[in-house]
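Take a look at the structure set out below.
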Amino acid sequence: MGKLQSKFRKRSELYRASQGEKVDNTFDSQVVQYEPAHHGSISTVTNLSPDLCVSGGSDQAVVVYDWKQGRMCQSFQGHNREVTKVMCYPGSTWIFSASRDKTVLMWDLNQGDEPIQEFCGHELVVNGLAISPEGRKLCTGSRDNWMCLWDIESAKCEQRTNISRNLVTHVCWVPSSSSLVQTSEDKTIRVWDSRTWQVTNTFPAKQYIQTHCDVSPNGNYLVSSSNGFGGQGCEATLWDLRQPGCKVVEYRGHLQTAACCMFLPTPPDGAAQVATSSHDGSVKIWDQNSAVCLGTLCLDGAGPLVSLAPTDSTNLLCASFNNGLHHIQVGHQAQGFGAESGAAGGMEIKVVSRF
């Protein structure tokens with residue numbers, strides 16, 4: 001699995017930066033090409049450990065990959081349609097995968113190639129997947145309008161609720177809480193109580209479908225992303241979970257659907273930041289509180305960028321339809337840097353490797 005150095009053609013001025021925003025293009029510099037994790041488009045990526053990520057896509061495989069060393073560790077085969085979401089339980093070797101085959105499978109990196117548990121009952125593609133903070137319950141959500149709560153050990157469905165037009169797109173468990181948040185194609189964000197399996201709050205409907213959501217590590221904030229086209233919609237929105245339905249700021253600048261939004265780990269003595277990825281082929285980093293776009297990375301030819309996985313405050317993994325997974329490095333540019341490379345103090349974003 002040697003490193004293959006390749007240099008790509010630059011297409012300049014695909015996206016214009018606003019004042020103070022730095023735009024990088026991965027084709028400006030050499031990118032290390034590792035063994036591909038998948039054959040086909042990649043739908044989802046998450047972290048298993050500081051060195052390992054888990055991904056899934058159209059090839060129906062669930063892949064564990066060492067992104068620092070550039071090598072595949074394991075490829076799980078068990079789904080018979082596209083893998084839509086993967087989720088790992090922190091501090092363990094547990095992996096959960098959802099699929100268009102209507103099932104969720106549970107894997108253990110230390111227990112062979114076969115799934116150790118199967119969760120069946122949905123009637124359409126499963127898009128939502130979340131694990132309770134203590135690791136005993138699994139929440140799933142589907143386009144069949146059902147939200148289900150499972151006991152992980154027995155794979156028994158303990159609670160299920162159907163809400164008309166609630167075509168679930170994503171589910172997040174609020175850290176250290178009994179609450180969950182889910183987004184839907186009906187443009188609504190709902191907060192659930194896992195103890196009663198009832199909706200406790202419904203946010204004001206957005207103008208466009210809500211594609212994804214993430215909850216801040218302290219459990220105070222939620223960020224959601226919108227679909228759209230031609231710059232209409234395409235935003236991410238910051239909400240205050242302590243005041244349900246309270247919109248704080250919007251992050252606007254993508255030209256097509258904002259497919260993923262994530263809180264980034266806050267660097268030491270740094271400001272809180274949010275990352276978004278879009279069908280327009282760009283990743284943007286935002287100041288969480290001011291909604292200023294700090295930097296944009298355009299991945300020419302990568303197609304829709306549908307999933308992000310921050311590994312720490314300076315490293316980010318990004319899944320694409322056309323060009324596999326990207327290891328992106330995020331850093332602050334030194335003061336006094338040449339004007340051609342962006343505003344002094346602006347954020348530098350670059351692709352380190354692709355796999």
Side-chain angles (χ1 to χ4, degrees), residues 1-9 26-27 30-49 51-88 93 95-109 112-115 118 125-127 129 211-212 256-257 259-260 277-283 297-309 311 315-328 351-355:
M1 328 267 176
K3 299 179 181 179
L4 174 64
Q5 301 284 353
S6 56
K7 193 165 185 177
F8 300 90
R9 178 175 60 88
T26 183
F27 305 96
Q30 290 188 333
V31 176
V32 178
Q33 176 71 60
Y34 290 119
E35 174 192 12
H38 293 271
H39 303 286
S41 63
I42 301 178
S43 308
T44 177
V45 62
T46 192
N47 297 301
L48 178 63
S49 73
D51 299 336
L52 302 181
C53 68
V54 180
S55 55
S58 62
D59 63 2
Q60 307 170 14
V62 176
V63 172
V64 180
Y65 203 99
D66 186 331
W67 58 270
K68 290 185 178 180
Q69 298 295 323
R71 63 182 182 88
M72 187 184 298
C73 301
Q74 180 70 277
S75 179
F76 294 110
Q77 309 287 334
H79 290 292
N80 57 41
R81 294 193 66 186
E82 176 187 359
V83 176
T84 54
K85 290 283 165 66
V86 289
M87 178 67 59
C88 301
T93 52
I95 300 166
F96 297 83
S97 57
S99 170
R100 289 190 179 276
D101 66 12
K102 312 171 191 176
T103 70
V104 172
L105 299 180
M106 179 182 179
W107 317 82
D108 192 315
L109 187 58
D113 299 336
E114 298 298 320
E118 185 173 3
V125 53
V126 182
N127 288 320
L129 203 53
T211 58
H212 191 268
Q256 295 183 43
T257 292
C260 186
S277 66
S278 170
H279 288 192
D280 64 16
S282 72
V283 174
L297 176 68
C298 300
L299 300 179
D300 290 359
L305 308 180
V306 292
S307 184
L308 296 170
T311 61
N315 293 284
L316 182 67
L317 302 178
C318 177
S320 72
F321 264 37
N322 298 338
N323 288 344
L325 290 158
H326 300 76
H327 168 206
I328 296 170
V351 175
V352 177
S353 64
R354 194 173 68 192
F355 53 95

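This chain uses plain numbering: 1 for the first residue, then up along the sequence.
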- Test item: T46 side-chain N/O and V86 main-chain N/O as donor-acceptor pair under 3.5 Å: no

- Would you say the side-chain atoms of T44 pair up with the backbone N or O of G56, donor to acceptor, closer than 3.5 Å? no

- Check whether any side-chain heavy atom of H38 lies under 4.5 Å from a side-chain heavy atom of V63, and answer yes or no. yes

- dist C53:SG -> L325:CG (nearest 0.5 Å) comes out at 6.0 Å

- Does T257 use its side chain to pair, donor to acceptor, with the backbone of H279 at less than 3.5 Å? no

- Return the minimal non-hydrogen interatomic distance between S320 and L305, and the atom names on each side. CB-CD2, 3.5 Å

- Hey, does N80 have a side-chain heavy atom less than 4.5 Å from the side chain of T103? no

- Query: Any sub-3.5 Å donor-acceptor pair from D101's side-chain atoms to H79's backbone N or O?
  - Reply: no

- Looking only at heavy atoms, which two atoms of A319 and I42 are closest? And how far apart? CB-CG2, 3.6 Å

- Message: How long is the straight-line distance from CE of M106 back to OG of S97, given to the nearest 0.5 Å?
- Response: 11.0 Å

- Backbone N/O of R354 and side chain of Q33: donor-acceptor pair under 3.5 Å: yes

- Message: Keeping D59 on the side-chain end and G40 on the backbone end, is there a donor-acceptor pair under 3.5 Å?
- Response: no

- Message: Whether the side chain of S282 engages the backbone of L297 through a donor-acceptor N/O pair (distance < 3.5 Å, no angle test) should be reported.
- Response: no

- Minimum heavy-atom distance between F76 and I95, given as atom pair plus value: CE1-CD1, 4.0 Å

- So, do F355 and V32 sit near enough that their side-chain heavy atoms are less than 4.5 Å apart? no

- Task: Taking T84 for its side chain and N127 for its backbone only, find out whether a donor-acceptor pair lies under 3.5 Å.
- Result: no

- Query: Taking the side chain as C-beta and beyond, is there a heavy-atom pair between W67 and S353 under 4.5 Å?
  - Reply: no

- Query: At their closest point, which heavy atom of V306 faces which heavy atom of F321, and how far apart are they?
  - Reply: CG1-CE1, 3.6 Å

- If you look at every heavy atom in S307 and S43, which pair is closest and at what distance? CB-O, 3.7 Å

- Note on the structure: In this structure, CG of L109 is separated from SG of C73 (nearest 0.5 Å) by 7.0 Å

- Message: Nearest 0.5 angstrom please: D300 CG to N323 CG, how far?
- Response: 10.0 Å

- Item | Minimum heavy-atom distance A259-T211, with the two atoms named | O-OG1, 3.7 Å

- Item | Trace of the side-chain contact (heavy atoms from CB on, under 4.5 Å) decision for V126 with K85 | CA-CA 8 Å; V126 182; K85 290 283 165 66; over 6 Å; no

- Message: To the closest 0.5 Å, what do you measure between CD (Q74) and CE (M72)?
- Response: 9.5 Å

- Message: Can a donor-acceptor pair be found, under 3.5 Å and without considering hydrogens, that links the side chain of S99 to the backbone of E82?
- Response: yes

- Query: Going from OG on S278 to CD on Q256, what distance comes out if it is rounded to the nearest 0.5 angstrom?
  - Reply: 6.0 Å

